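Just so we're clear, the structure is a prediction, and the values are computed from it rather than from any experiment. Remember, it's 1-based here, ligands and their atoms both numbered in the order they're listed. We're numbering straight along the sequence, starting at 1.
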Amino acid sequence: MICNFLTCILILSMLYIIIAIIISSMMYRRGRRRALTQVILTDKQKKLLAKHIKYYRQLSGTDKIYFEDKIEQFLDDVRIEGVGLMVNDLDRLMVASSAVIPIFRFKNWSYRNVTNVLLYPDTFDEDYQYEAADGRNITGMVGTGYMNGQMILSRNALIKGFSKNHGSENTALHEFVHLIDNADGATDGVPENFLPADCIKPWIHMMHQEVHKIETGHSDINPYAVTNEAEFFAVVSEYFFEKPDQFQTKHPQLYDMLSKVFAQSPSKGVS
Ligand SMILES: [Zn+2]
């Protein structure tokens, strides 16, 4: 009897120790992540995400927290500055969401090829001027040469990309897809780090086939995609994330390939 009682006490004590170890390890991990992240989203900012970012709204509760973590991490890593405007919370959250959506399923991803995002009020020209009367037709770009590490975005285009009834275009997301494409060292429309080796040739063939359809007026994909392979990849990625159901119905093979690249299937609610 005494022996049974002592065994019970021993088992209960061990259980208590195991539970204490699990809880303290969870708290340590949470604390450690917080220590690494300085930006902590406020409830007001989370409400802005819910109101303006459809992708976030459709996530499960756990994935929403994961998304918020990634937003915080991005805002820690990348400075967002206004040129001729004051950057507000919603601007920051929209830029960060554009960055996070395509890499949402990549563990431990950080954009190594961008340190600053410059927000311009509207379109700009090739000399990065936004006040000229003519020739301002650029809505977003990733800098090269002395502009390396910089991204420029039109705030109007940024907001339009997340507004209702905006179609299949999202300029900011397009620019971040160029950075993902560039992760293997070449912005060439072939994201080698994210496509299985046996899919690369079929992907290139698929791009050329679709370019032919666009050129002959048999595709609903934005004709800007025919500029080159890099633009094709960025343009179809916008469509993939902005109108996933429509994209899957009209372009099932392209959809399957992009699901592999981004490791997600947004038509099914980001699974
Ligand atoms: Zn582009």
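For the Zn ion (ligand 1), protein N, O or S atoms closer than 2.8 Å were enumerated as His174 NE2, His178 NE2, Glu231 OE1, Glu231 OE2, with waters left out.
Remark: Phe194 engages Phe106, Trp109 in a ring pair (Phe, Tyr, Trp, His ring centres under 6.0 Å) (not counting sequence neighbours).
Taking the six-membered ring where the residue is Trp, the centroids of Tyr128 and Phe124 are separated by 6.0 Å or more.
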side-chain contact (heavy atoms from CB on, under 4.5 Å) evaluation trace for Phe232 with Ile214: CA-CA 11 Å; Phe232 181 90; Ile214 299 168; 4.3 Å; yes

Evaluation steps, salt bridge (Lys or Arg N to Asp or Glu O under 4.0 Å), between Arg155 and Asp91: CA-CA 8 Å; Arg155 184 207 248 165; Asp91 297 330; 2.9 Å; yes

side-chain contact (heavy atoms from CB on, under 4.5 Å) assessment of Val236 paired with Phe247: CA-CA 9 Å; Val236 293; Phe247 187 63; 4.1 Å; yes

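Proximity of a side-chain donor or acceptor of Asn170 to a complementary backbone N or O of Ser98 within less than 3.5 Å is not detected.
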